[in-house]
Engineer: 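Let me begin by handing over the structure; questions about it come next.
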Amino acid sequence: MKKRLFSKRPKAATAHHTILKARTLESMRSVLPVTAIMLALCLTVAPVPSSVLLAFLGGAVLLVVGMGLFTLGAEQAMTPMGEYVGVHMTKLGKLAPALGSAFLVGFIITISEPDLQVLATQVPMIPNLTLILAVAAGVGAFLVVALMRILWAVRLRYLLLGFYALVFILAQFISPDFWAVAFDSGGVTTGPMTVPFIMSLGVGISAIRSDRKAAEDSFGLVALCSVGPILAVLALGLVYQGAPTAATAVEAPSIQNSAQLTQLFLHSFPHYLQEVGLAMAPIVGYFLLLDLFSLRLKARRLLRLAIGFVYTYLGLALFLTGVNVGFMPAGYLLGQSVAGLSYRWILVPTGMLVGYFIVSAEPAVFVLNRQVEELTSGAIPQRAMGLSLSIGVCLSVGLAMVRVLTGVSVMPMLLAGYAAALALSFVVPDMFTAIAFDSGGVASGPMTATFLIPFAMGACQAVGGNVVTDAFGIVAMVAMTPLVTIQVLGVIYTVKLRRQRTRALPEPQPSQDDIIDV
């Protein structure tokens, strides 16, 4: 008996190590293309200081390790925790406590979102804390709306049509300086902390419904939660109109040797450990109280969740250290270098190339693609989702670079994109609409906030444009185009399904009357 017990432990440890290795390899395959593109540009047409290039390479290593740990932690802790909370909400018995709990969870998880912290420091018009609290309240309010939609089986397309109509109407009364920031805030709030939790929350809530559309309705929470921050920032625009709009430049690190490079990362890592720890503390505290008074999970399950939280914590801290210390300065200076060329039109294809590959390095994209494949039983594979997202982000970054070069307003592009997306929602199955609008929020994560925004800011300053109106809005564009490309995937899927059904139909057999007539 003892021999049998001891023989099981290495197998469990080996399986755990195998999963971590697989996740790390996935993140490596995602980060390497972006790194290769950056190196090619820096060594040819867009030179940057050697210190910045060294910091970028160091950041790429941290990204690979951090994403591997984070995705493993999200699977082991954030996803199950969201399902537990979702099931608990539906068992409260009365609607008011369930809705209050949904608002509180949405508020807490948004404050813990690192992408929002990054954006808040780059927005000059609104105080950081004011922006964070307003956006968190917006997410909480719309998580309540999402909960009611699932419980009452309301079709997502009609809610999106109504709320986005309200968004574009309200925008007409706000200074254009706030348009890009408002839509950017809707994108960055659905990042690596929020997406695993909110998506699994939807699975937990929809589990109480026994109808066949319950699994489909588990999607769409991220889509609705992206609307709340847009409305919240537009409302702040009524108060802060006329505030200074000058954006600050990104400082490049000064590194003389490899020892200083190591010190740079070692000096920054404790800061992000503290930042992530403070961000995760409210949601961990909420869950512990929930377990103490309601869930009462077994010690083994709590231990597994605790280990998952540690992976999530370390992974996200390493990831943020890499993107903030290594990727942000590199993106800013690369944007300046490319836009400063005599043939500055190359900024558009360069941005498109970076955009195509950078979305696959978003931590939350792994979570979404895997959950879509699982809940659709492989009907929508991860590869198809990844390709559709890459094409969408490629187009969006190209359009954003056109805006940087020409100064075209972001509003006409957003209006056309959302109109096309909402029109497609009446053509494709409801599930594709929900997945598409969820994908828009997921695609605009920390890589967008810490690399593409500085890239656009550097390019905008090089061409002498207005950073607030021309560079901001790139997150909004990244969040918009997947709404169209994923639903186009839905059109293709629907056509293929109809063809398969047509081929599967048996050929009509001649009736007895036909035989007699012959």
Side-chain angles (χ1 to χ4, degrees), residues 27 31 49 51-71 73-74 77-78 108-124 127-133 135-136 188-189 191-194 247-285 309-333 361-364 445-455 457:
S27 64
V31 174
S51 58
V52 175
L53 187 58
L54 281 173
F56 171 78
L57 293 175
V61 173
L62 293 184
L63 249 69
V64 170
V65 178
M67 281 180 62
L69 289 170
F70 173 82
T71 50
M78 297 300 292
I108 290 173
I109 197 70
T110 304
I111 290 178
S112 70
E113 183 55 64
D115 294 3
L116 180 58
Q117 311 284 341
V118 173
L119 180 68
T121 60
Q122 298 180 27
V123 175
N128 291 6
L129 183 60
T130 302
L131 179 66
I132 290 170
L133 292 178
V135 166
V188 300
T189 49
M193 280 294 292
T194 311
T248 56
V250 178
E251 293 185 6
S254 177
I255 304 169
Q256 303 299 326
N257 52 55
S258 57
Q260 289 185 2
L261 174 66
T262 305
Q263 287 298 318
L264 176 66
F265 284 105
L266 290 177
H267 177 74
S268 302
F269 184 57
H271 168 73
Y272 292 106
L273 276 175
Q274 181 182 7
E275 184 177 290
V276 175
L278 291 173
M280 291 184 66
I283 193 64
V284 173
F309 274 122
V310 172
Y311 283 138
T312 305
Y313 173 57
L314 291 176
L316 199 51
L318 287 169
F319 182 89
L320 289 176
T321 304
V323 294
N324 282 283
V325 177
F327 273 60
M328 184 180 285
Y332 183 81
L333 292 177
E362 292 287 2
M447 287 296 291
T448 304
T450 54
F451 184 82
L452 289 182
I453 289 180
F455 181 81
M457 289 172 65

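For reference, positions follow the sequence shown, starting with 1. It should be emphasised that the depicted structure is a prediction, and the values quoted were computed from it without experimental measurement. Atom set for the values below is all heavy atoms of this structure, side chains included, hydrogens, waters and symmetry mates excluded.
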Engineer: Kindly give the heavy-atom pair with the smallest separation between Val52 and Ala330, and that separation in Å.
Structural biologist: CG1-CA, 3.6 Å
Engineer: Which heavy atom in Ser268 sits nearest to a heavy atom in Thr321, and how many Å separate them?
Structural biologist: CB-CG2, 4.3 Å
Engineer: So Ile132 and Thr110, do their side chains get closer than 4.5 Å, heavy atoms only?
Structural biologist: no
Engineer: Who are the side chain to side chain contact (heavy atoms under 4.5 Å, CB included) partners of Thr71, not counting sequence neighbours?
Structural biologist: Arg23, Phe366
Engineer: Measuring from Leu116:CG to Leu131:CG, what's the distance to the nearest 0.5 Å?
Structural biologist: 6.0 Å
Engineer: Hey, does Met78 have a side-chain heavy atom less than 4.5 Å from the side chain of Ile109?
Structural biologist: yes
Engineer: What are the two closest heavy atoms between Ala74 and Thr312, and how far apart are they?
Structural biologist: N-OG1, 3.6 Å
Engineer: Considering residues at least two apart in sequence or located in another chain, which fulfil the side chain to side chain contact (heavy atoms under 4.5 Å, CB included) criterion with Leu278?
Structural biologist: Gln274
Engineer: Identify the two heavy atoms, one from Leu69 and one from Gly315, that lie closest to each other, and give their separation to 0.1 Å.
Structural biologist: CB-CA, 3.7 Å
Engineer: Please test Leu133 against Ile111 for side-chain contact (heavy atoms from CB on, under 4.5 Å), starting from the C-alpha separation and ending with a verdict.
Structural biologist: CA-CA 7 Å; Leu133 292 178; Ile111 290 178; 4.2 Å; yes
Engineer: Given side chains that start at C-beta, do those of Phe269 and Leu318 come closer than 4.5 Å, heavy atoms only?
Structural biologist: yes
Engineer: Taking only residues two or more places apart in sequence, or in another chain, which ones meet Phe327 in a ring-ring contact (aromatic ring centres under 6.0 Å, His included)?
Structural biologist: Phe56, Phe451
Engineer: Any heavy-atom pair between the side chains of Phe319 and Leu62 that's under 4.5 Å?
Structural biologist: no
Engineer: Atom CE of Met280 and atom CZ of Phe309: how far apart are they, to the nearest 0.5 Å?
Structural biologist: 5.5 Å
Engineer: Looking at every non-hydrogen atom in both residues, tell me the closest pair between Pro329 and Asn324 and how far apart they are.
Structural biologist: CD-O, 3.5 Å
Engineer: For Gly68, is there any backbone N or O sitting under 3.5 Å from a side-chain donor or acceptor partner on Tyr311?
Structural biologist: no
Engineer: Would you name the heavy atoms of Leu273 and Ala317 that are closest together and state the gap between them?
Structural biologist: CD2-CB, 3.7 Å
